[in-house]
2 protein chains.
Amino acid sequence: MNHKGTSASIIKAAEILFAEQGFAETTVRQITSKADVNLAAINYHFGSKKGLIQAVAEKFLTPLCTELTSMLEHRNLSTDAGQVTLDELLEILMRTLLVVNHDNVNALAVFMRLLELSYMQNQEELRGFLISRYQDTLQPFIQLLRADAAPMEDDEFFWRLHFCLGSITFTLSNFQTLHGIEKREFDSGAEVERILHRMIPVLSAGLQARTDKTYFCRV
Amino acid sequence: MNHKGTSASIIKAAEILFAEQGFAETTVRQITSKADVNLAAINYHFGSKKGLIQAVAEKFLTPLCTELTSMLEHRNLSTDAGQVTLDELLEILMRTLLVVNHDNVNALAVFMRLLELSYMQNQEELRGFLISRYQDTLQPFIQLLRADAAPMEDDEFFWRLHFCLGSITFTLSNFQTLHGIEKREFDSGAEVERILHRMIPVLSAGLQARTDKTYFCRV
DNA sequence: CCAAGCTCCAAACTAGCGTTTAAAACAGAT
DNA sequence: ATCTGTTTTAAACGCTAGTTTGGAGCTTGG
């Protein structure tokens, strides 16, 4: 049983620190210190810091992936399965994120930081990995989103999708800071649910907004 | 004339690298190498890497600040100055960003990275600096936004504002990557204008969306 | 009981970071 | 031409990052 004791406490500490500070900003000495294990433990159990990041990442990727799929299937099997609305789809997405966050309050922030990182240049490797892992699960969901969004060209939908992604990743990555700005007290667990809920009508309206063909004149 | 030659080429190289990679990920050796100057030049001319970051930052902060103010004043002095619409306000914001980007195509990405950084924990200093520098200019603009947004509580507006900020910072920080995903060819200069324009109806609809009081049930 | 095999540990190692230094090169004024 | 102050240079410095190492400690099967 002490087999996984060290590994587990390393992952636990890493989750918290990664969520708070990001991957690059967190040092292995911080992690091993917080986990109260030897400095060399990370390299022994995970090979490298990169290996630890992957271990932490994969711990959340699979549940999130399967959760979204099952939520979508459950909705489709429902008897009153009319055309699914945009708000319903977004609620499913938010509920999925919330479920992942339920087991571990740092899961969301870590996942969002991973997403942000994947959109940086010089990270084609991570981007490719996430795409190969997620696109089969995400593509049907995205197509449903598109079906309920305002009719628009491919490129317009591409950018609107990333506007939404920006809202989500920015808000959840910086949730601790934002929550600290807005309120003093810390009941961050329940607050996440409220924020995710707040997003639904906003993102829904953004995706359904008219597609404006008029160009604003240059300065 | 050779006075500012070294400083200028350092700043020029730094802008590009900061925009591409971010501040922490860019090393002084990368910068001095790209600028083709001696390694010690940054410390000689700017005191430190932090000093260089501030120099690069301030080069964009002042123009952006004054530009937004003048745009707002110009709008208010207009003869047909009815109640300004939300789309108008957002267009003013986007035009402001575009003007800043006009002189230097890396200005926007650098500025957005600065914003993102300021929302990280352990960056209260930068956050405080930006607030003290911007809030006088931004507060009137934000109040105009709020007047045109759907009626809502303070906290709801706070979060919606940051949803918008997330869309903008994410899109512009990762513009190079996103643009590379969507299209092969690189005419990124003109494309920025198109993206900023695409945002207007989306953000507008998001801010004007109904405020949903119903809560989605817990899982 | 004891060899075998994990696991843990203190310490050292390599590499890269931002920075400092002191001398050389240069500029303009006297 | 020389002195003065500024700029550039090559080299080294101190520090911290992630990683490696060799041996000590422990558990387990023969």
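Protein chains get the first letters and strands the later ones, always in sequence-line order, with residue 1 at the start of each.
B:Q139 CD: more than 12 foreign heavy atoms inside a 6.0 Å radius.
For the pair A:R127 and B:T177, the minimum side-chain heavy-atom distance is below 4.5 Å. In this structure, A:Q21 and B:Q121 have side chains that are not in contact, with every pair of non-hydrogen atoms separated by 4.5 Å or more.
Rounded to a whole Å, the CD atom of B:Q30 is 15 Å from the C1' atom of C:dA15. Separating the CD1 atom of A:I10 from the P atom of C:dC9 is a distance of 10 Å, rounded to the nearest angstrom. Atoms CD1 (A:I53) and C1' (D:dA17) sit 13 Å apart, rounded to a whole Å. Put simply, CZ on B:F46 is 18 Å from C1' on C:dT20, counting in whole angstrom units.
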TODO: Scan nucleotides 18-27 of chain D nucleotide by nucleotide, 5' to 3', and note B when protein non-hydrogen atoms come under 4.0 Å of the base, S if they reach only the sugar-phosphate, - if neither.
DONE: BBBB------

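The phosphate of D:dT6 has neither OP1 nor OP2 within less than 4.0 Å of any side-chain N or O from B:H45.
A salt bridge between B:K59 and B:E15 is present, with a side-chain N of the basic residue lying under 4.0 Å from a carboxylate O of the acidic one. A salt bridge does not link A:D155 with B:R194: every distance from a Lys NZ or Arg NE/NH1/NH2 to an Asp or Glu carboxylate oxygen is 4.0 Å or more. Taking a cutoff of 4.0 Å between a charged side-chain nitrogen and a carboxylate oxygen, A:R133 and A:E58 qualify as a salt bridge.
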